[in-house]
Amino acid sequence: MENAWLIPAFPFTGFLINGLFGDRLKRIFSGCIACTAMALSFTYALALFIRPLLADVPLEAFERDYFTWIEAGTLKVAFGLLIDPLSLLMVLVVTGVGFLIHVYSIGYMHDDPGFSRYFAYLNLFAAAMLLLVLANNFLLLFVGWEGVGLCSYLLIGFWYEKQSATDAGKKAFIVNRIGDFGFLLAIFLIFWTFGSLDFQVVMAAAPDLFPAGAPTLTAITLLLFLGAIGKSAQLPLYVWLPDAMEGPTPVSALIHAATMVTAGVYMVARCSVLYALAPFALGLVAAVGCATAVYAATIGLVQNDIKRVLAYSTVSQLGYMFLGCGVGAFVAGIFHLMTHAFFKALLFLGSGSVIHALHGEQDLRRMGGLRARLPLTYWTFMAGTLALCGIVPFAGFFSKDEILWEAFAGGHPLLYGLALFGALLTAFYMFRLVFLTFHGTPRAGAETLAKVHESPRTMTIPLMALAVLALVGGWVQVPLVAAGKRLGAFLAPVFEKAEHLLAAGRPLQHAGAWQEGLLMGLSLAAAIAGIAFAYRLYLARPQLPNRIAERFGACYRLLLNKYYVDEFYQSALVEPLRRLAEGLWRGIDVRVIDGAVNGCAQLAIALSGRLRRLQTGYVHHYAWTVVAGACGFFIYILSR
């Protein structure tokens with residue numbers, strides 16, 4: 001573990017090679033360099049994971065400060081990394097899923113003129129995320145936090161010739177700055193309170209310095225959560241994520257599954273002790289997560305862009321992760337983060353395979369009947385859909401149901417009910433997407449359909465690998481079987497202190513296994529009901545959706561236009577700020593600052609215009625001037 005710095009160093013080296021020399025390399029070499037860098041990081045992390053398993057010993061936390069990074073007064077921040085069960089699990093997810101996305105990108109981006117630049121950005125994205133999850137202090141985590149923000153801007157706006165892509169990149173960057181401002185304030189307050197930014201020092205000192213509900217800890221956790229809201233696209237700062245679809249589809253998979261949006265969930269889980277001591281902030285995390293899960297699911301019901309449906313699904317599923325953390329089930333939140341990485345990467349890459357086959361078409365209304373033409377894409381996409389809908393035995397069933405169970409058992413029946421309703425909506429809009437894309441009558445043009453074919457192996461092999469993970473990834477945490485909850489046992493040392501603090505402040509729950517089994521059946525029934533309703537509307541009676549849309553036109557338009565939130569932000573925030581900026585520019589910049597600078601220049605011109613008249617060019621004028629000056633000098637001497 002001494003060489004843990006190699007994990008982020010491998011992809012960063014790939015970024016340097018492709019960034020500096022990529023244009024001189026053949027495309028296959030650029031892709032291989034980027035993929036090899038990710039493979040090396042994954043292999044090293046896997047070795048760290050397997051070694052204690054082979055020795056049949058628990059993984060012990062390893063922390064190493066490599067050098068002093070910042071030292072100013074009492075502030076001393078090291079470049080240090082922390083390897084513990086939580087960070088190692090995150091590293092495996094980032095490098096494993098990230099490697100498959102890199103391989104897929106070779107086929108998807110093979111004709112793009114910015115091929116090497118794309119892989120340079122992709123490697124930098126992975127390196128920043130790995131630094132984020134391995135950092136042993138808040139400030140170094142913030143460096144990785146800002147690094148993924150920068151890379152999201154570069155990759156969302158990768159096709160910068162398109163105005164929509166550059167606008168989406170700027171939107172993501174600016175909206176995240178709002179959350180990052182809160183994160184920075186939290187870092188300042190943490191140092192002012194604890195005199196350190198090291199995770200271990202802060203988490204160890206917090207229970208001794210403050211009682212549960214202390215205002216200082218509440219302020220810290222709320223500011224941290226503001227950062228998480230921006231990075232993980234929760235209400236009200238979720239608006240950047242759907243527009244991030246303007247980037248290449250593998251970028252969407254990387255942002256939504258393995259990097260960026262999971263950073264907020266990871267940060268809340270990493271600070272579990274602080275949140276356990278701040279019950280108000282913890283309750284707010286649960287409430288915002290649950291509200292976001294249902295809100296985003298309702299928007300996904302009527303969207304017609306295949307990638308936007310998946311984008312709102314990501315916003316919704318992130319809400320479930322925060323719900324899990326907010327009810328104190330940090331293991332359940334991280335478990336869903338892991339399984340979501342598998343099936344959401346699969347779904348985005350599957351949508352990319354469809355878009356690739358249809359030569360860039362993303363509108364569900366121009367698809368249909370692709371099942372026979374894209375059989376491998378169809379079955380792998382179906383695996384991801386079943387996992388997302390929570391159908392047993394796919395991964396999403398285990399992770400989603402653990403969150404629902406923890407919400408119910410923790411005494412939050414309202415949150416449980418809303419989350420269950422969100423699960424029904426999820427099943428409906430995902431099978432609506434499947435039916436409109438792969439089933440029914442083909443709606444694409446005959447010329448387009450004639451050219452449809454399955455994607456190359458560089459794209460289909462990652463799909464198959466992710467489909468397997470979407471199927472078996474949840475078996476590490478089998479419910480109702482204590483010995484089957486291997487992931488919970490693996491993560492237990494990280495969350496042990498937080499769970500102890502939460503247990504001390506809550507009444508003892510007596511929910512039994514039969515209740516958990518009953519609720520699992522209810523959740524499964526809700527998902528099946530959503531699937532059946534989608535089947536009735538889009539396969540059995542395909543004329544019904546238009547009739548419903550006409551009958552409930554106002555509601556349909558409200559959902560189709562995403563509750564007009566973007567328009568509200570534009571009119572209530574963006575335009576007033578733009579007008580204010582324009583007024584300050586005209587009033588202060590042009591009149592005051594430019595006026596002062598230009599006024600000095602005009603004064604210099606006026607004075608020089610008068611003084612230059614003394615230079616007439618006539619010799620006798622200069623002679624008389626010399627004589628006058630000499631006379632004046634002698635008069636001055638004689639008068640002393």
Side-chain angles (χ1 to χ4, degrees), residues 3-48 66 79 81 83 87-88 90-135 140 143-158 247-255 257-260 262-263 341 345 349 352 458-459 461-462 465-466:
N3 296 319
W5 59 272
L6 288 172
I7 296 175
F10 285 132
F12 187 75
T13 303
F15 155 71
L16 291 177
I17 295 173
N18 272 321
L20 295 174
F21 310 109
D23 291 340
R24 306 175 192 175
L25 300 173
K26 291 183 178 181
R27 291 184 174 228
I28 188 63
F29 291 147
S30 291
C32 287
I33 288 169
C35 293
T36 301
M38 292 300 296
L40 289 172
S41 290
F42 175 71
T43 303
Y44 188 87
L46 189 62
L48 295 181
Y66 291 95
F79 183 92
L81 302 182
I83 299 287
S87 63
L88 188 54
M90 291 294 297
V91 167
L92 288 171
V93 169
V94 173
T95 56
V97 176
F99 168 71
L100 295 174
I101 294 172
H102 276 65
V103 173
Y104 178 96
S105 296
I106 293 176
Y108 191 86
M109 299 291 290
H110 68 282
D111 287 332
D112 197 280
F115 190 85
S116 59
R117 175 169 60 93
Y118 169 83
F119 277 101
Y121 291 165
L122 220 58
N123 268 177
L124 182 60
F125 205 164
M129 187 66 189
L130 291 171
L131 180 64
L132 187 157
V133 300
L134 288 172
L140 191 58
V143 173
W145 188 276
E146 291 301 291
V148 295
L150 168 64
C151 293
S152 69
Y153 167 76
L154 295 173
L155 286 166
I156 293 169
F158 180 77
T249 301
V251 171
S252 302
L254 194 62
I255 291 176
T259 62
M260 184 89 173
T262 62
L349 298 186
T458 51
M459 296 171 63
I461 290 175
L466 288 168

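Predicted model only: the values in this text are computed from it and were never measured. Every heavy atom of this structure was used, including side-chain atoms; hydrogens, water molecules and symmetry mates were not.
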Hey, could you give me the CD1/CG distance between Ile461 and Leu466, rounded to the nearest 0.5 Å? 12.0 Å
Straight-line distance of Leu130 CG to Leu81 CG, nearest 0.5 Å: 10.5 Å
When you measure from the side chain of Asn18 to the backbone N and O of Ser116, does any donor-acceptor pair fall under 3.5 Å? no
What's the shortest heavy-atom distance between Phe10 and Leu40, and which atoms? CD1-CB, 3.7 Å
Heavy-atom pair of closest approach, residues Val103 and Pro462: CG1-CG, 4.0 Å
Atom CZ of Phe158 and atom CZ of Arg117: how far apart are they, to the nearest 0.5 Å? 4.0 Å
With a 6.0 Å cut-off on ring centres, are Phe125 and Tyr121 close enough? no
Between Phe115 and Ile106 the two heavy atoms that sit nearest each other are CE1-O, 4.0 Å
If only atom types and distance count, is the side chain of Tyr108 paired as donor or acceptor with the main-chain N or O of Gly352 below 3.5 Å? no
State, yes or no, whether a side-chain contact exists between Leu100 and Leu349 at a heavy-atom distance under 4.5 Å. no
What one should report as the nearest heavy-atom pair of Ile33 and Gly14 is CG2-CA, 4.2 Å
So, do Phe12 and Phe15 have ring centers that fall under 6.0 Å from each other? yes
About how many Å separate CG of Leu92 and OG of Ser41, when rounded to the nearest 0.5 Å? 11.0 Å
Which value, rounded to the nearest 0.5 Å, describes the distance between Met260 atom CE and Leu132 atom CG? 10.5 Å
Steps toward side-chain contact (heavy atoms from CB on, under 4.5 Å) verdict (Leu48, Ile7): CA-CA 11 Å; Leu48 295 181; Ile7 296 175; 4.2 Å; yes
Is there a side-chain contact between Met90 and Thr262, using heavy atoms and a 4.5 Å cut-off? yes
Would you please test Leu155 and Tyr118 for side-chain contact (heavy atoms from CB on, under 4.5 Å) and show each step? CA-CA 7 Å; Leu155 286 166; Tyr118 169 83; 4.2 Å; yes
Of the non-hydrogen atoms in Gly19 and Ala120, which two are nearest, and what is the gap between them? N-CB, 3.8 Å
Give, for atom CG of Leu254 and atom OG1 of Thr259, the distance between the pair rounded to the nearest 0.5 Å. 4.0 Å
If I compare all heavy atoms of Ala345 with all of Ile101, which pair ends up nearest, and what's the gap? CB-CD1, 4.4 Å
Donor-acceptor contact below 3.5 Å, side chain Ser152 vs main chain Gly149: yes
